[in-house]
Amino acid sequence: MSQLRERLTAGTFVVTAEIAPPKGTQVAAEVETARQLSGMTAINVTDNQGANMRLSPLVMATLLRQAGIEPILQLTCRDRNRMALQSDLLGAAALGIENLLLLSGDHARFGDHPQARSVFDLDSVQLLQAVNTLMAGTDMSGKKLDGVPAFFAGAAVSPEMEPFELMFQKYRKKVESGAAFFQTQAVFDAGKVERFMAEARPLGRPVLAGVLLLRSAGMARFLNANIPGVHVPDALIERLEKATKPLDEGVLIAREMVAVTRDCCQGVHLMTLGHEGRIPEILAG
Amino acid sequence: MIISRQKEREELLQALSGMQRVFIVGCGACATACKAGGEDEVFRMQENLAKDGIDATGSVVIDEACHIMRAGRDLRHHRQAVDEADALLVLACGSGIQSISSNTDKRVVGGLDSLFLGNVRRFGQYEEKCSLCGDCILNETAGICPVTTCAKGLLNGPCGGMENGRCETDPDIVCAWHEIYERLKRQGRPGVFGRTVAPKNWGRRGKPGRHNVER
Ligand code: SF4
Ligand code: SF4
């Protein structure tokens, strides 16, 4: 039984983190990183994140499970059509994977195979529907399944995106299409998170706010310029700039954000990018 | 129309290597408008090839090179020049090139790359707005095609990367879903936002496409 589902259902504040599968076959380091994150409820395993080709997340998630760590398998629509997605989903269920995070996926243009043909046979809403169809016992063409998967399927949302109504209509569609929980893009603006949660709360789905550890002002600027949907406000960049130890300041900023989410969200999703050792400080207080 | 552009000279010469005489075919429709395969370009091609030691036995600009029967007729009118050539060099879109290749067993060398079905913004400026999906959703999307103009072809609203109404893949282009949203708002109707759009039926598209108008 998924711990993530149990805790979110019980209303416990949940902490998740993420790892990326390796580029290559050496998986030991990633499993070790995941072990260091053992305080988390579950660990996301990214799917060719940023459109950079890496080892299969289905395999990586299975390896985590074998190591006693609960994974959240990320699946994007960029690299697989509806047949491949369904068949991977059935495979995931057979391997005991329950938690999913279903995404559209970054465009191939961003990654290390810009010449690849992007698939996008489904979008994230349709993938959620496909998962729920499988859970109801048939495939997308209505054929009965021999053995029915039981997933805890989540989706992503960018709470700071404008216009708000345009972002929120998609959130609503995802809820209606069976999203059981949400993990957000990295958020930095408490006011915007609170505004989003005020609208999202009545729809009754737990939301894990994305909290990203900023290492420096340079990194913040890089994110603003290169990562779609991430916006670090100038005031925070200034704080990082003025700090004698920018990483410490970044930990402080992350901790403040976690404090905000403790009040209005059901959990946090931490992105610490190599500084997993600082997680206890981020969660302190 | 079909937007096309001439292949780079090196690539073309590579495709023509070993040939001394070619018959050049242009197209009077799209390739002319794209300045890739009209009268002017056929003439210039003839001059440039001569510098590289390749002579033209003749040339013709077909009204619409995609018309298979018309292409056949025009080739027959130039039978002698065609027969004398080692190959036919076609400055038309991929459809046009295949009208020619389906009329002769001679070597056919395509001189253009075909890009997309395009609208004309102004002369020389073309934009792709429809990718011929076979299952048109425009009536619900305020006349803006997400299949084509959203970089991911999403059907249920924008991805998380949209920023200030711009597309995550290229800040120079607008996000199709932002456009759809703004125009539907001006029209005061929910349109596509009123329902969850099911996965597209690519089966309706057929590959290769075939269509017979009923008489
Ligand atoms: S939905 Fe878009 S691609 Fe499909 S037919 Fe309509 S305009 Fe063309
Ligand atoms: S930003 Fe808009 S147009 Fe670009 S991929 Fe995302 S939804 Fe499509």
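Not measured: the values here are computed from a predicted model. Throughout, protein chains are lettered first and strands after them, A, B, ... in sequence-line order, and every chain is numbered starting at 1.
Using a 4.5 Å heavy-atom threshold, the side chains of B/W177 and A/K170 count as separate. The side-chain heavy atoms of A/H107 and B/C167, taken from C-beta on, include no pair separated by under 4.5 Å. Using a 4.5 Å heavy-atom threshold, the side chains of A/R82 and B/P199 count as touching. In this structure, the side chains of B/H178 and A/P163 come closer than 4.5 Å at one or more pairs of heavy atoms. For the pair B/Y181 and A/Q169, the minimum side-chain heavy-atom distance is 4.5 Å or more.
When all heavy atoms of A/Q129 and B/T196 are compared, the pair lying nearest together is NE2-CG2, 3.3 Å. Residues B/D170 and A/R109 come closest through the heavy atom pair CB-NH1, 4.4 Å. Across all non-hydrogen atoms, the minimal contact from B/E163 to A/I227 is OE1-O, 4.5 Å. In terms of heavy-atom proximity, A/D106 sits nearest to B/E168 at CA-OE2, 4.0 Å.
Proximity to chain B (any heavy atom under 4.5 Å) is shown, for A/S124, by neither the backbone nor the side chain. Residue A/S104 touches chain B through its side chain alone, counting heavy-atom pairs closer than 4.5 Å. With a 4.5 angstrom heavy-atom cutoff, A/M140 touches chain B only via side-chain atoms. At a 4.5 Å heavy-atom cutoff, the contact between A/V230 and chain B is made by backbone atoms alone.
Atom-to-atom distance recorded for B/C175:SG and A/L166:CG is 7.0 Å, nearest 0.5 angstrom. Atoms NZ and CZ, from A/K173 and B/R195 in turn, are 8.0 Å apart once rounded to the nearest 0.5 Å.
In the displayed structure, B/Q187 atom CD is contacted under 6.0 Å by more than 12 heavy atoms of other residues, nucleotides or ligands. By the neighbour-count criterion of 12 heavy atoms within 6.0 Å, atom CZ of B/R107 is sparsely surrounded, having that number or fewer from other residues, nucleotides or ligands.
In this structure a side-chain-to-backbone donor-acceptor pair under 3.5 Å is missing from A/E162 to B/N164. With A/D123 contributing its side chain and B/L155 its backbone, the two residues share a donor-acceptor pair below 3.5 Å.
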